[in-house]
Amino acid sequence: MLKIKALFLFVALLSFLSCDNLNSTRIIRLGHGLSTSHSVHQGMVYFGEQLEEISGGKFQVQIYPSQQLGTERQCLELLQIGSLDMTKVSAGVLENFSPSIKVFGIPYIFKDKAHTFRVLDGPIGDELLNGTEKYWLKGLGYYDSGSRSFYTINKPVEKPNDLEGLKIRVMESQTAIDMVKSFGGSPTPISWGELYTALQQGVVDGAENNPPSFYLSRHYEVCKYYIIDEHTVLPDVVLMSTHIWNTLNEEEQNWIQTALDLSVIEQRRLWMESEQESLEAVKAAGVQVSYPDKSPFSEMSKSVAEEYGKDPLIKSFIDKIKNTD
Ligand code: EAX
């Protein structure tokens, strides 16, 4: 509790300091959980540069990486009360705030990368982004975060049954919990920033993430087995507090949206490079990377789609995604 109070005080102080009375530059504070070497952070730096240029210096973006302002869940809560301007979270965490986002947690819902982008960049992606607004979160765009796969410390996973009894770290996300359970694993929610220590101390037997996050977090130092089963595609979502967004005039909102759209293109380009580099780097560091037949994984996790499909809202999005060519 004390920690949370201290966090709020710190953020309030930041707001005070960034209330720029001396000139007309408006500071946008953006908090996220990844390291500065990650393409997500670099995409945000690009967003800041673009915004500054487009707005003729009227806006500046200050980025707080590495969970400095809190976990993804806490950052969303700060946005909801207007104590933080922007954040980027995984769709896995966002689903706690905006129910339709759960559809991203359905294993193997996308056919391939091109299909994913057609959905995200089309009307379904827009509808899901717009759906967050009534929860005080203005969705601005999707950064690429590839697909997620399992990595383990001691035991290589070759087929879904190998996950039985293993404690697998997941995000604070019910769909991720249910996905791991569908394979017989024991899901353990832990925030990203606390995961290295949890792996090192053997609190969990493994985790799951995309290659850049696995590499840049250095989890590969502890986990020597990485199976590219690509069970979920959970985009990273960039959001702004509606308390801030609604104070902006139309021109200012356009500057922010345009700069963000440009940063999406840049981040996705950087992502592609980083995905390949990360896989090579972990292999060079002695990680055994394997490419399984995905059909037993997809078969076993079908129960997740069945369960979530009972909710008419999620079912409508599952159908829309499946019906997108
Ligand atoms: O949002 O917590 C996670 O596993 C996320 O993939 C990561 O922090 C990026």
Side-chain angles (χ1 to χ4, degrees), residues 30-44 63-79 84 86-98 101-102 104-105 107 116 120 132 137 139-152 167-180 185 187-199 203-220 222-223 226 228-239 263-264 267-268 270-271 274-275 278 282:
L30 199 178
H32 70 95
L34 294 165
S35 69
T36 53
S37 48
H38 202 289
S39 62
V40 159
H41 181 86
Q42 289 155 2
M44 289 169 179
I63 310 173
Y64 298 86
S66 309
Q67 270 187 218
Q68 280 171 33
L69 300 185
T71 64
E72 296 198 339
R73 192 188 181 106
Q74 287 167 336
C75 283
L76 285 172
E77 285 164 0
L78 291 174
L79 255 64
L84 177 64
M86 284 182 73
T87 193
K88 183 295 304 168
V89 296
S90 169
V93 175
L94 186 60
E95 71 173 32
N96 295 298
F97 295 76
S98 181
I101 297 288
K102 285 183 194 147
F104 290 122
T116 307
L120 294 182
T132 64
L137 304 164
L140 293 173
Y142 299 102
Y143 280 170
D144 194 1
S145 74
S147 47
R148 301 174 74 95
S149 295
F150 291 108
Y151 48 86
T152 42
K167 272 196 173 170
I168 302 293
R169 175 270 176 177
V170 288
M171 289 185 275
E172 294 177 276
S173 155
Q174 192 58 46
T175 57
I177 290 174
D178 293 335
M179 177 272 297
V180 168
T188 309
I190 295 175
S191 86
W192 185 242
E194 289 163 316
L195 181 53
Y196 187 96
T197 315
L199 287 164
V203 174
V204 284
D205 302 305
E208 44 91 54
N209 219 319
N210 52 61
S213 294
F214 178 47
Y215 172 54
L216 297 169
S217 60
R218 309 181 82 91
H219 294 169
Y220 70 90
V222 188
C223 297
Y226 192 24
I228 310 297
D229 61 291
E230 306 193 301
H231 46 261
T232 42
V233 171
L234 288 161
D236 272 347
V237 190
V238 185
L239 305 122
S263 81
V264 166
Q267 189 273 339
R268 289 183 184 177
L270 292 168
W271 173 270
S274 135
E275 197 168 36
S278 302
V282 297

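Order of listing sets the numbers, starting from 1, for every ligand and every atom in it.
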**Message:** Within the structure, is a non-hydrogen atom of H32 found at a distance of less than 4.0 Å from ligand 1?
**Reply:** no
**Message:** If you measure every N or O of R169 against every N or O of ligand 1, does any of those distances drop under 3.5 Å?
**Reply:** yes
**Request:** Quick one: closest heavy-atom pair of A207 and L195, and the distance?
**Result:** CB-CD2, 3.9 Å
**Complete:** Under 4.0 Å from one or more heavy atoms of M171, ligand 1 contributes atoms 2 (O), 3 (C), 4 (O), 5 (C)
**Prompt:** How does D236 reach ligand 1, if at all, at less than 4.0 Å between non-hydrogen atoms: by side chain, backbone, both, or neither?
**Reply:** side chain
**Side-chain donor or acceptor of S145 paired with backbone N/O of L234 under 3.5 Å** = yes
**Asked** What do we get for L234 next to ligand 1 when only non-hydrogen atoms under 4.0 Å count, side chain, backbone, both or neither?
**Response** neither
**Prompt:** So which heavy atom on G139 is nearest to which on L239, and how close?
**Reply:** CA-CD2, 3.8 Å
**Prompt:** So which protein heavy atom does atom 9 (C) of ligand 1 come closest to, and at what separation?
**Reply:** K88 NZ, 3.4 Å
**Complete:** When rounded to the nearest 0.5 Å, the distance separating CG of D229 from CZ of F150 is 5.5 Å
**Asked** Do S217 side-chain atoms and F214 backbone N/O form a donor-acceptor pair below 3.5 Å?
**Response** yes
**Fill in**
For atom 6 (O) of ligand 1, the closest protein heavy atom turns out to be R148 NH1, 2.8 Å
**Request:** Could you point out which residue of Y220, Y226, Y151 forms a side chain to side chain contact (heavy atoms under 4.5 Å, CB included) with P211?
**Result:** Y226
**Prompt:** What is the closest protein heavy atom to atom 7 (C) of ligand 1, and at what distance does it sit?
**Reply:** E72 OE2, 4.0 Å
